[in-house]
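Below is one structure, written out as structure tokens, with a few remarks after it.
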Number of protein chains: 2
Amino acid sequence: MTILRSPRLADGSGRGIPDATVARLPVYLRALNSLAEQGVLSCASNELAEQAGVNPAKLRKDLSYLGSYGTRGVGYDVEYLRYQIAREMGQTQDWDVVIVGVGNLGSALSAYQGFSARGIRVAALVDADPQRVGTVVSDIVVSSVDELEAIVAERKIAIGVIATPGTAAQEVADRLVAAGITSILNFAPAIVQVPDGVDVRKVDLSIELQILAYHEQRKTGTTSTTSKEVIA
Amino acid sequence: MTILRSPRLADGSGRGIPDATVARLPVYLRALNSLAEQGVLSCASNELAEQAGVNPAKLRKDLSYLGSYGTRGVGYDVEYLRYQIAREMGQTQDWDVVIVGVGNLGSALSAYQGFSARGIRVAALVDADPQRVGTVVSDIVVSSVDELEAIVAERKIAIGVIATPGTAAQEVADRLVAAGITSILNFAPAIVQVPDGVDVRKVDLSIELQILAYHEQRKTGTTSTTSKEVIA
DNA sequence: GTCTGTGAATTCATTCACAGCC
DNA sequence: GGCTGTGAATGAATTCACAGAC
């Protein structure tokens, strides 16, 4: 699901947070926002961990990679911690993304509430289908994929989202990379190859369901011992 | 992104495949299907690994958990391996899913091509909004969420998909569990609590983008050394 | 010679358990 | 007394490297 180098201590700044921790920080952020909305000013690792669905020791270790932002005997100041995590995640600036492919999924993504609160701005939509170019989706005029390079350059877009059919994914990825994009979120059912230095994350809806089906199978006792034949 | 117990050797059948491997098997399956379509009959671990975007040693170790389905000095028979993985993943039967929430995302999911080829069948759509109940989405009549329990029982649905706003997620999860469902895929931006024995996988679109933004930030040299202040 | 299958080595992640501070 | 922060211990996942089958 992830293809990323892990630069633990590989750069000058010396920070280097484990990948697994980075993947959880947004979850903590969400939990903190929710607490803040409820007017909670301070919380202990237990409470925050429960909100986030993780074990408290893991939460504390994760936070320890950022610094010592809690108070022993007391807990964490909700607003202060929220700010520190947001800063570490780069949410003190907005990130512009381009979505390639405005089918069902691309449209759903562009309509997704909650990007804006997390420093994500859908800056452009592009599609290869001339029928769709010029139409308006979520208040954005769909551009032709031919303009991809120009759009990326002009709007300083850093992140590309692929929401095309699987067959188009590699070509789109190549064009995104050629346009200078170094972070790609791929929803298409295909593995895309990219040069070093480009990060790709992949979300595959049917894979998630297949993983659940596997566990479900094991629970319901359809225990396929070596050579049990097809049932349905 | 995942909350699952790992039952390595915890059951009678003695199989027990690592979670990380289970998550990759569908990827291999996809790569094998693609090779089969191209008329390839046999392939070595290197080729398959490249298609799947993993290191060849990892691929071989993953496959070794299923059994010895390759031939030394030769490689793997595409069709045979494909069948073995499909069987292990439970794809020799169809899995019925119910999607709760027929907004943009729920609609996109119900229209998703490629479920059927992977043993996933969208058996029902439900929504809480009376305006949507009775409408037809992807050839399925949307039912009221009040009928959830009846639908699950009648159609023997094993997997529930939550595609509601975050605020409704916990209630929907509770109802799915009460209806007897033990596998949930949660797209809502909220952590849901479920009893032991219920598997939940979570996909959060904005979290994936936030993770990319973090790495992007580190690449573009916005190196936030402890106390460097906001730039944009 | 080729390529699989797998123990051993390594790297990464989680959890424990407690010292240190409030 | 309560709760954080973190070394040390455990557990999982990845990668190496090579014996063994073809």
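Letters A, B, ... are given to chains in the order of the sequence lines, protein chains preceding strands, and every chain is numbered from 1. Both backbone and side-chain heavy atoms feed into the values below; hydrogens, waters and symmetry mates do not. None of the values given here were measured: they were computed from a predicted structure.
One interatomic measurement links the two molecules: CG of A:Asn46 to P of C:dT15, which rounds to 14 Å at whole-angstrom precision. Atoms CG (A:Leu63) and P (D:dT4) sit 9 Å apart, rounded to a whole Å. In this structure, NZ of B:Lys61 is placed 7 Å from P of C:dG7, rounded to the nearest angstrom. Rounded to an integer number of Å, the gap from B:Leu48 CG to C:dG5 P is 12 Å. The separation between A:Arg24 atom CZ and C:dA13 atom P is 9 Å, rounded to whole Å. Across the protein-nucleic acid pair, B:Tyr65 atom OH and C:dG5 atom C1' stand 12 Å apart, rounded to whole Å. Between the P atom of D:dT4 and the OH atom of A:Tyr80 lies a distance of 15 Å, rounded to the nearest Å. In this structure, A:Leu59 atom CG and D:dT6 atom P are separated by 14 Å, rounded to whole Å.
By the neighbour-count criterion of 12 heavy atoms within 6.0 Å, atom CD of A:Gln193 is densely surrounded, having more than that number from other residues, nucleotides or ligands.
At a threshold of 4.0 angstrom between heavy atoms, the contacts of A:Asn55 are confined to the sugar-phosphate backbone, with no base atom among them.
With 3.5 Å as the limit, one finds a donor-acceptor pair spanning the side chains of B:Gln170 and B:Asp174. For B:Asp199 and B:Ser183, the side-chain atoms include no donor-acceptor pair closer than 3.5 Å.
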Report task. Applying side-chain contact (heavy atoms from CB on, under 4.5 Å), run through A:Leu81 and A:Leu48 and close with a yes or a no. Result -> CA-CA 11 Å; A:Leu81 183 58; A:Leu48 188 52; 4.0 Å; yes
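Contact annotation: A:Ser45 does not reach the phosphate of D:dC3 (side-chain N/O to OP1 or OP2, under 4.0 Å). The shortest distance between the side-chain N/O atoms of A:Arg72 and the OP1/OP2 oxygens of D:dG1 is not below 4.0 Å.
No side-chain donor-acceptor contact under 3.5 Å links B:Ser34 to the backbone of B:Arg30.
Side chain B:Arg60 to base C:dG5: a donor-acceptor pair is found below 3.5 Å.
Residue B:Ser64 places its side chain closer to C:dT6 than to any other of D:dA13, C:dT6, C:dC22. Ranking C:dG5, C:dT15, D:dT14 by closeness to the B:Tyr76 side chain, first place goes to C:dG5.
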